[in-house]
There are 2 protein chains.
Amino acid sequence: MALGVDYAAQQCSVARTLEVVGSRWTLLIVRDCFFGVRRFSDLREHLGVSRAVLAERLAQLVDDGVLVRVPSGGREAYDLTAKGLALWPVVVALLAWGDEFSAPDGPRRLFSHAACGTDLDRAGACPACGTSPSPYDVEMRPGPGSRGPQGPGKVSAALQERRRLLESI
Amino acid sequence: MALGVDYAAQQCSVARTLEVVGSRWTLLIVRDCFFGVRRFSDLREHLGVSRAVLAERLAQLVDDGVLVRVPSGGREAYDLTAKGLALWPVVVALLAWGDEFSAPDGPRRLFSHAACGTDLDRAGACPACGTSPSPYDVEMRPGPGSRGPQGPGKVSAALQERRRLLESI
DNA sequence: CAGGTTCGGTCTGGTCACCGAACCGTTGTG
DNA sequence: CACAACGGTTCGGTGACCAGACCGAACCTG
């Protein structure tokens, strides 16, 4: 991780993972990528992170093979790679814990299996199908804990719509 | 999180969770608690974190209800609360990702369901029973990626033994 | 093509978190 | 009682993070 980038002698896989995604903002950037935020300015608007840090994190994530930088309509965009998509269970686990202990009004977002419409359980699995759908097959919509868009920006507004994960905003 | 503790306006559960466990070392401390490390000096020996930071993190985790401080044989110890135990899926998800992408020799540790002896899958579920066992019912042992104790300390040595999770070292 | 705007960054100066090392009070132990 | 181990706290030094200024390239706009 940044923050004194290495957990030195740690061989443990948890530490190895945190070296990649353990820095401040990194996992929130990854989360936003799952939500379809792909552009520098959109990430900046939605996260409120400083330009310098965002640039550094994106470069690091590209370096680590979590994201790829792709030109898109004359501008740059960042897409999750297979390695990045594999972080979905991490995001789900963090989300579930936050929903359970820090969301008194209930989840702010709900996720459902697009194929069958069933809401996912806390582990990210579809109770009806008995499988854990890929994020491509997951739909997101506001939940009871939602208090409307959190900011005035177009990204916050877009994330209030029912939408498919990974679909570009 | 420390590191400029708050993700400000972020209402998202992922951000809320990271405010609690997103600081450097925090999740490694929690991981060690699952492994049975309970004492200040043992955590320090195993993690190599500075005294000041460890003290601050432990105090914060107790404040946040993830750990409880309990006297144990005249000394202090830290135990996971129910809220802390609920972080098991987060640790499992990070572990799985690290095993998949940063462990060329295979996992350093393997986990099995104590009740039936079956190895857990990447999601932390028991393929034989079809359930995700509580960490109390999980046994840990060295895997193919293990290169022996990573340090000379008694904690590193103890973690090379086959042992039940959460069992005090 | 001149002038302005948007985008995706880099640079800078200040602040705050992290680090190693030293210090300190309490609790066993010989 | 001397002494060590434990669980911290305190203290400079270093480096990460922040907001804000600056900058080059691409794209309108007239």
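Throughout, protein chains are lettered first and strands after them, A, B, ... in sequence-line order, and every chain is numbered starting at 1.
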Using whole Å, what does the distance between atom C1' of nucleotide C:dT6 and atom NZ of A:Lys154 come to? 12 Å
Say whether B:His113 and B:Asp137, considering side chains only, have a donor N or O and an acceptor N or O under 3.5 Å apart. no
Is it the case that B:Arg108 and B:Ser146 place a side-chain donor and acceptor less than 3.5 Å from each other? no
Rounding to an integer number of Å, can you tell me how far B:Leu58 CG sits from C:dC18 P? 13 Å
d(CD, A:Glu76; P, D:dA26) in whole Å: 10 Å
So how far is it from B:Asp32 CG to B:His46 NE2, rounded to the nearest 0.5 Å? 5.0 Å
Taking only the side-chain heavy atoms of A:Ala52 (C-beta and beyond), determine which of C:dC11, D:dG8, D:dG7 contains the nearest atom. C:dC11
Rounded to whole angstroms, how far apart are CG on B:Leu54 and C1' on C:dA21? 16 Å
Could you check how far CG of A:Asp42 sits from C1' of C:dT6, rounded to whole Å? 12 Å
Enumerate the residue pairs fulfilling salt bridge (Lys or Arg N to Asp or Glu O under 4.0 Å) with a member in residues 92-105 of chain A, sequence neighbours excluded, ordered by first and then second residue. A:Glu100-A:Arg122
When every non-hydrogen atom of A:Thr118 is compared with those of A:Cys126, the smallest separation belongs to CB-SG, 3.8 Å
Among C:dG8, C:dC18, D:dC17, the one nearest any side-chain atom of A:Ser41 is C:dG8
Rounded to whole angstrom units, what separation is found between the CZ atom of B:Phe40 and the P atom of D:dG7? 8 Å
Would you please confirm or rule out a distance under 4.0 Å between OP1 or OP2 of C:dC19 and any side-chain N or O of B:Trp25? yes
Donor-acceptor list for residues 71-78 of chain B side chains, cut-off 3.5 Å, not counting sequence neighbours:
{"unit_1": "B:Tyr78", "atom_1": "OH", "unit_2": "B:Arg69", "atom_2": "NE", "d": "3.3"}

Using a heavy-atom cut-off of under 4.0 Å over every strand shown, decide if A:Ser50 touches base, sugar-phosphate, or nothing. base
Closest of C:dC7, D:dC17, D:dG8 to the A:Arg39 side chain is C:dC7
When you measure from the side chain of A:Ala55, which nucleotide among D:dC6, C:dG9, C:dC18 comes out closest? C:dG9
Between D:dC17 atom P and A:Leu28 atom CG, what is the distance in whole Å? 13 Å
Polar atoms only, N or O, under 3.5 Å: list the protein pairs with nucleotides 22-30 of chain C and their distances.
none

Considering only heavy side-chain atoms of A:Arg69, the closest of C:dC18, C:dG8, D:dC18 is C:dG8
On the 0 to 90° scale, with breaks at 30° and 60°, tag the A:Phe34-A:Trp88 ring pair as parallel, tilted or perpendicular. tilted
Whole angstrom value for the distance that separates P of C:dG8 from CG of A:Leu47: 14 Å
